[in-house]
Amino acid sequence: MEHWLEKSIFYEIYPQSFYDSNGDGIGDIPGITSKLDYIKELGCNALWLNPCYLSPFGDAGYDVADYCQVAPRYGTNNDLTRLFEEAHKREMHVILDLVPGHTSIEHPWFKESCKAEPNEYSGRYIWSDSIWTDVAGYGNITGSLRGLYQRNGNVATNFFSSQPALNYGFANPTEPWQSAVNSPEALATRQAMKDAMHFWLSKGCDGFRVDMAGSLVKNDTDSTETIKLWQDIRAFLDKDFPDAVLVSEWGEPDKSLIGGFHMDFLLHFGPSHYLDLFRCEHPYFSREGKGDAFPFVETYTRNYNLTNKKGMICIPSGNHDMQRIRKYLDCQELKLVYAFLMSMPGVPFIYYGDETGMRHLELDSVEGGYDRTGARTPMQWDNGKNYGFSDAPADKLYIQQDLQEDAPVVSAAMADQNSLWHEIQKLAGIRRNYPALCASGEIEFIYCEPSKYPLVYLRSDGDCKILIALNPSSAEACCPCPYNMGEVIYALGKDITIENGMLHISGESAAFIIC
């Protein structure tokens with residue numbers, strides 16, 4: 001039986017910024033539920049919700065205070081269960097954001113661990129055995145808190161000081177205070193995370209996108225113990241929830257897929273060259289034609305081969321951690337971007353608002369967003385009050401909206417048959433109709449040379465073969481091509497021909513051709 005991921009297209013939702021159903025200026029879960037039909041009409045049949053758990057929101061919800069309780073500003077646990085149910089009625093799936101690497105300093109586990117008297121939670125976090133012994137610098141620990149609590153010792157943090165690191169053990173303990181991976185305290189942490197996953201899966205959740213998935217075990221230079229940890233969690237899921245999906249924020253698919261994840265995200269940091277495509281001084285998908293896709297293709301191909309050509313590498317339009325793609329490319333250029341995203345292996349992820357070309361705003365930090373804040377602004381639904389996001393006074397909105405007169409809105413995009421919105425909708429339908437274009441269809445790059453256009457690759461599934469030709473540059477481009485011209489199932493821009501072993505494609509054009 002085909003896995004539901006095969007034909008999935010995800011829509012990422014930042015809960016506080018999607019739709020406010022009760023007029024308090026903050027998006028909520030009932031608001032998301034009310035927009036499921038919109039998401040499905042766009043062509044997406046799966047949702048990824050950023051953290052919606054109880055939190056003091058020092059890092060926009062990635063500082064969890066209770067893994068099993070919805071934050072009151074978003075609604076209730078029943079509201080989230082209803083979202084699962086309503087999505088399933090529409091043959092849609094919902095995955096939640098799991099944050100296993102750290103909690104908030106407000107989490108009851110942490111408060112107990114700070115006590116001088118040993119207790120059940122003393123080993124839940126990574127503490128040194130003396131206030132004079134720092135934990136920062138060991139393995140991949142970057143920070144610590146000291147002198148704030150009754151307990152004699154320093155505690156490790158994951159980047160923000162409000163996020164103490166949970167203890168999954170050290171691959172190679174070198175100090176008395178470092179737990180082994182199979183120690184009782186490390187295993188207790190692992191079980192606590194399994195319990196949280198079980199809680200939501202039993203209520204209808206379809207899986208998790210896992211934050212910082214490769215960072216749990218400390219001092220694990222080759223990720224061996226981290227892979228084993230996730231294999232153990234995968235075995236737990238396979239027993240009770242075999243269809244539950246795991247998507248990793250790891251950036252090393254050769255490791256994450258072995259660990260039991262279905263998919264791995266291409267990250268905007270690290271060695272993927274993802275930014276070369278869409279977010280740099282000269283993006284490959286800009287019409288100026290000064291970009292270079294070769295480093296990306298070279299890295300992608302290496303990772304693809306390392307995963308035995310499973311192809312489950314996700315390429316998102318954007319996410320809550322990076323500047324909006326519209327900052328670098330206009331809506332016409334973005335049509336070529338989506339022709340690429342919708343024709344690559346793995347599962348496409350569309351960040352809310354990217355389908356209309358929402359802009360990146362330069363704003364002061366809100367809830368730990370800093371330079372990411374401008375990508376987290378409220379959805380712009382129509383030209384009414386607060387662009388249809390909320391009935392609250394404008395100064396009560398979670399984050400300021402785009403104040404320009406030509407701010408892109410959903411209603412206008414849906415009314416314009418030539419809009420980016422409709423191009424995405426068209427591409428989503430084409431993708432699902434051809435197995436070669438879906439998640440596990442194979443890919444072979446036919447032409448990609450340093451600083452050259454076009455980009456040409458072949459997707460295949462059995463006898464079904466589809467040639468993808470993309471030329472984001474404004475200038476006509478050509479390249480050698482071993483295939484003949486066949487039926488064109490998708491075209492954007494102007495002419496494309498294949499004659500005498502050469503492919504010619506007009507500027508700012510794309511074509512999907514059955515071979």
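The shown structure was predicted, so the numbers you read here are calculated from the model rather than taken from an experiment.
The environment of Phe159 atom CZ is sparse: at most 12 non-hydrogen atoms of other residues, nucleotides or ligands sit within 6.0 angstrom. The 12-atom threshold is exceeded at CZ of Arg151, counting heavy atoms of other residues, nucleotides or ligands nearer than 6.0 Å.
Residues Tyr62 and Asn50 have side chains that bring a donor and an acceptor to within less than 3.5 angstrom of each other. Side-chain contact check for Ser55 and Asp63: at least one donor-acceptor pair (N or O, by modelled atom type) lies under 3.5 Å.
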Could you walk me through whether Arg234 and Asp238 pass the salt bridge (charged side-chain N to carboxylate O under 4.0 Å, His left out) check?
CA-CA 6 Å; Arg234 183 70 253 173; Asp238 286 342; 3.0 Å; yes

Please evaluate residues Asp382 and Ser411 with respect to the criterion side-chain hydrogen bond (donor to acceptor under 3.5 Å, both in side chains), reporting the C-alpha separation (whole Å), side-chain torsions for both, the decisive distance (0.1 Å), and the verdict.
CA-CA 5 Å; Asp382 56 44; Ser411 59; 5.8 Å; no

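Counting all heavy atoms, side chain and backbone alike, Ser272 lies closest to Leu266 at CB-CD2, 3.7 Å. Nearest heavy-atom pair across Ser215 and Asn140 is O-ND2, 3.5 Å. Among all heavy-atom pairs drawn from Tyr74 and Gly27, the shortest one is CD2-O, 3.3 Å.
Taking 4.0 Å as the cut-off between side-chain N and carboxylate O, Asp240 and Lys194 do not count as a salt-bridged pair. A salt bridge does not link Lys35 to Asp37: none of the charged nitrogens lies less than 4.0 Å from a carboxylate oxygen.
The line from CD1 of Ile399 to OG of Ser17 is 4.5 Å long, rounded to the nearest 0.5 Å.
Checked by atom type and distance alone, the side chain of Arg432 pairs as donor or acceptor with a backbone atom of Lys7 at under 3.5 Å.
Between Trp4 and Phe10, the two ring planes are tilted [angle within 30° to 60°].
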